[in-house]
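Convention: sequence-line order gives letters A, B, ...; per-chain numbering from 1.
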There are 2 protein chains.
Amino acid sequence: MPTTPNPLRRNEASRRAILDAALRLCAENGYGRLTIEAIAAGAGVSKKTIYRWWPSKGAVVLDAVDDLASTVADHPYTGDLAADLRTQMAAVIALLTPASTSAVVGLIAEALHDDALGDDLRERLVRPRIDAFNRRMHQAQRDGQLAADADLDVAVDLVYGPLYHRLVFHLGMPNAEQLHTLVAHALRAFVPAPQDNDANAPPTS
Amino acid sequence: MPTTPNPLRRNEASRRAILDAALRLCAENGYGRLTIEAIAAGAGVSKKTIYRWWPSKGAVVLDAVDDLASTVADHPYTGDLAADLRTQMAAVIALLTPASTSAVVGLIAEALHDDALGDDLRERLVRPRIDAFNRRMHQAQRDGQLAADADLDVAVDLVYGPLYHRLVFHLGMPNAEQLHTLVAHALRAFVPAPQDNDANAPPTS
């Protein structure tokens, strides 16, 4: 008796093939040269199949990157906040390197002049990862490694900001030693001060 | 007696008209819609004139932004480091806002997939401004507002990083109050600690 093909399973296989082809083609030729046609050819599906599920190549790459980032950029927990952040950030750096063939960087560049894609990028990709960062930081507060009143909205900017400052101005991603220094400095802003001092006040002497 | 036209003065007037037209057209329609043709029409010069001086629209916009940033994003000196940084950063934020019609953001997006333009952006636009930041920070060290051994390479990433983290992920530029909080936190990493402590070390209790 012939088995009936399962359309849901077939759809999932096509979806996977499309996302994999999008990432592979970005890595080979860069986001700029990626087309829906090339993704369709690479995945062995029709362009119509892709357009049934996604409105644009940006939307395909967003889904592909979302899958990828979930797998590789999780927040570990060893109990050492700085070490765990360095581990997670090294994974983020790998996703951004080399910039010319990074799907994430391609998406960032496209979203800079496509507000709708930018909104999707923020809501679907970034917000859940900021939530994951916040969970790790809350754990660090429970572990006594972070001030109980630390402003986590500021923390996410100070911890990850340096990577994007370096990305947009082609200053090079930090190496392991520079990453160590960056994380140590960023966390210094959130350690309870031994005495009440105001970093803004000019010296009174 | 007719005056002899001064070719140097005429060239400078054309150069100024071209850079002004590039900025005006970016602000009106966004960098993505900018063409050499439109710049030529806007400046009242031929495309040939533009191509004699610049190889691409990215190169024109880089020069235009360089002029603009020199004028508006200087580092003031009132003696209050945090206040002066906020003033300078507010000017940077204005240059990045709104992102969809910012020439700087257009340039950043284009440079993300054009390494040669990215190198120019870093060397011609960013390095001189990092030097200016460093001069202000050295003055702050002489004023006793910043640790004498502060790592200024880290400082520039921590101070400006948040703006670019927010830019690339469409998280919105900081308002005045958020900017105050960001600068205060970033500077906290560079205030001499009252006692020798290591923000990385897990608590020993």
Shortest non-hydrogen contact from A:P162 toward B:L158:
CG-CD2, 3.8 Å
Walk me through it: do B:F190 and A:H185 pass the test side chain to side chain contact (heavy atoms under 4.5 Å, CB included)?
CA-CA 8 Å; B:F190 304 98; A:H185 278 77; 3.3 Å; yes
Can you establish whether the number of heavy atoms outside B:E37 located under 6.0 Å from its atom CD is more than 12?
no
Quick check on B:V168 against chain A: is it the side chain, the backbone, both or neither that has a heavy atom closer than 4.5 Å?
both
So, the part of A:L167 with a heavy atom under 4.5 Å from chain B: the answer is both
Angle class for the A:F169/B:Y164 ring planes (parallel below 30°, perpendicular above 60°, tilted otherwise)?
perpendicular
Would the number of heavy atoms belonging to other residues, nucleotides or ligands and lying under 6.0 Å from CZ of B:R33 be above 12?
no
Find the one option among B:D151, B:V156, B:V159, B:L81 whose heavy-atom pairs under 4.5 Å with chain A are most numerous.
B:V156
Does A:R16 CZ have over 12 foreign heavy atoms under 6.0 Å away?
yes
Output the distance between atom CD (B:E110) and atom NE2 (A:H113), rounded to the nearest 0.5 Å.
7.5 Å
Using a cut-off of under 4.5 Å for heavy-atom pairs, which of A:R166, A:R127, A:H165 has the most such pairs with chain B?
A:H165
Within the distance-only criterion (no hydrogens, no angle test), does the side chain of A:H170 pair as donor or acceptor with the backbone N or O of B:A111 below 3.5 angstrom?
yes
How long is the span from the CG atom in A:L171 to the CG atom in B:D153, to the nearest 0.5 Å?
9.5 Å
Which value, rounded to the nearest 0.5 Å, describes the distance between B:D157 atom CG and A:L163 atom CG?
8.5 Å
